[in-house]
Amino acid sequence: MSKELKEVNINVKSGTTFAERLWVVIPVVLLVGLFSTLVYNHYAEFSWNGFLAGFNQEFLIFFCIGIFAQLVDGTLGMGYGATSTSFLLAYGIPPAISSTGVHVAEMFTTGASAISHHRFGNINKKLVRHLLIPGVLGSIAGAYLLSDVIDGDAIKPFIAVYMIALAIIIIRKALKKNIIKKKTKKLGVLASFGGFMDAVGGGGWGPIVTSTLLGNGRNPRYTIGSVNAAEFAVAFASGVTFMLFGGIQGWQVIIGLILGGVIAAPIAAILVNKIKRKPMMILVGILIVILSLKTLSKLL
């Protein structure tokens, strides 16, 4: 009898181990597959000569944007898309190229983030399951509309206004003192809206979903870890949709954001416990407002 129980326990343990490994294996396989596909289909752009040709002042600007956006996201748990998109739009990059670049870069940065959060036990798997599918569907719909239906130049002023709204959400969250814990209703609707606006606007998953959940009193550690883990699937879905319907444009933007984000990720991990969140969030919010107003001033 005891021998049978021992065999059952071993089988359950091995099954659990396999399920746990999937949280790491799936992001790694998807990222390796994505990178291999990109290199195969765009070999000229990935060649050493192509890289050197694109290594100019513009590339350095995108690289610096990637570093700053990842530092913001790594220390606040949100703001990568909003920060990088605001900078790119202010620099004059079209919305479709901005959003494509941000989401392709986020495939790699959020994949690394999801693996890290899983390793440190920061993920509530039930919450991830509630956010995953609705968020992915919303992001696919938004990416398709922006790449194949909506005129990027026509929507640019609205995206700038949307970024100001996100900045206000970030600032309000920083100034909020007493948070009363309450149950979050309609998680699927929240995730769908967050995914859709993230794809169309080039950012917003964190400020919309994370802010709402934290505003309802959820545990910051598990909320940020779970939302970031779900964000990998959201960014991957929207990025693939952009590539299918709009193609890949703006390699300097994509590579600059990826390299900047990869370099800044460990620095953000060190700074996360040394920088005060409230002044940092207010500063980032004000910066996004200024950049968005600059974009609007050019259009109006």
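Please read all numbers here as calculations on a predicted model, not as lab measurements. Here, residue 1 is the first one in the sequence, and each next residue gets the next number.
Contact annotation: the side chain of Ile123 never approaches that of Asn228 to less than 4.5 Å [non-hydrogen atoms, C-beta and beyond]. A 4.5 Å side-chain heavy-atom check between Thr223 and Val209 finds every atom pair outside the cut-off. Contact check for Leu89 versus Leu291: no side-chain heavy atoms found under the 4.5 Å cut-off. Side-chain contact between Tyr80 and Val72 is absent, with no heavy-atom pair separated by less than 4.5 Å. Contact annotation: the side chain of Met107 approaches that of Val240 to within less than 4.5 Å [non-hydrogen atoms, C-beta and beyond]. Side-chain contact between Leu213 and Leu187 is present, with heavy atoms from C-beta onward closer than 4.5 Å.
Of the inter-residue distances, the one linking Asp73 atom CG with Glu231 atom CD reads 6.0 Å to the nearest 0.5 angstrom. Here the CD1 atom belonging to Ile286 is positioned 5.5 Å from the CD1 atom belonging to Ile171, to the nearest 0.5 angstrom. Note that CD1 of Ile288 and CG of Leu283 are 10.0 Å apart. Values are rounded to the nearest 0.5 Å. Leu175 CG to Ile170 CD1: the interatomic distance, rounded to the nearest 0.5 Å, is 12.0 Å. From Ile169, atom CD1 reaches atom OG1 of Thr210 across 11.0 Å, with rounding to the nearest 0.5 Å.
Smallest separation of non-hydrogen atoms from Ile258 and Ala105: CG1-CA, 3.6 Å. In this structure, Leu131 and Ala230 approach most closely via the heavy-atom pair CB-CB, 4.1 Å. The minimum heavy-atom distance between Ala237 and Ile140, with the atom names listed, is CB-CG1, 3.8 Å. For Ile65 against Ser84, the heavy-atom pair with the smallest separation is CG2-CA, 3.8 Å. Taking both residues in full, the closest heavy atoms of Ala233 and Leu132 are given as CB-CD1, 3.3 Å, listed atom of the first, atom of the second, then distance.
Counting non-hydrogen atoms of other residues, nucleotides and ligands closer than 6.0 Å to CD1 of Ile133 gives a total of 12 or fewer.
Residue Leu166 is grouped with residue Leu190 when hydrophobic side chains (ILVMFWY) are merged at heavy-atom distances under 4.5 angstrom, including chains of intermediate members. Residues Ile282 and Leu71 do not share a hydrophobic cluster, clusters being chains of Ile/Leu/Val/Met/Phe/Trp/Tyr side chains in contact below 4.5 Å.
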Please set out all donor-acceptor pairs under 3.5 angstrom arising from side-chain atoms of residues 192-199, sequence neighbours excluded.
| from | atom 1 | to | atom 2 | distance (Å) |
| --- | --- | --- | --- | --- |
| Ser192 | OG | Pro134 | O | 3.3 |
| Ser192 | OG | Gly188 | O | 2.9 |
| Asp198 | OD1 | Gly204 | N | 3.1 |
| Asp198 | OD1 | Trp205 | N | 3.0 |
| Asp198 | OD2 | His103 | NE2 | 2.7 |

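Ring-centre distance between Tyr91 and Phe62: below the 6.0 Å cut-off.
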- Query: Going through the distances and angles, do Val227 and Tyr222 end up as a side-chain contact (heavy atoms from CB on, under 4.5 Å)?
  - Reply: CA-CA 8 Å; Val227 173; Tyr222 294 109; over 6 Å; no

- Please lay out, stage by stage, how Val253 and Val102 fare under the test side-chain contact (heavy atoms from CB on, under 4.5 Å). CA-CA 8 Å; Val253 176; Val102 168; over 6 Å; no

- Message: Determine whether Ile263 and Gln70 satisfy the following criterion, side-chain contact (heavy atoms from CB on, under 4.5 Å), listing intermediate values before the conclusion.
- Response: CA-CA 9 Å; Ile263 290 174; Gln70 185 60 40; over 6 Å; no

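The main-chain N or O of Ala82 is never found under 3.5 Å from a side-chain atom of Thr85 such that the two would form a donor-acceptor pair. Proximity of a side-chain donor or acceptor of Ser98 to a complementary backbone N or O of Ile93 within less than 3.5 Å is detected. Looking only at distances, no side-chain donor or acceptor of Ser292 sits under 3.5 Å from a matching main-chain atom of Val161.
The aromatic rings of Phe232 and Phe236 sit tilted relative to each other, their planes meeting at an angle between 30° and 60°.
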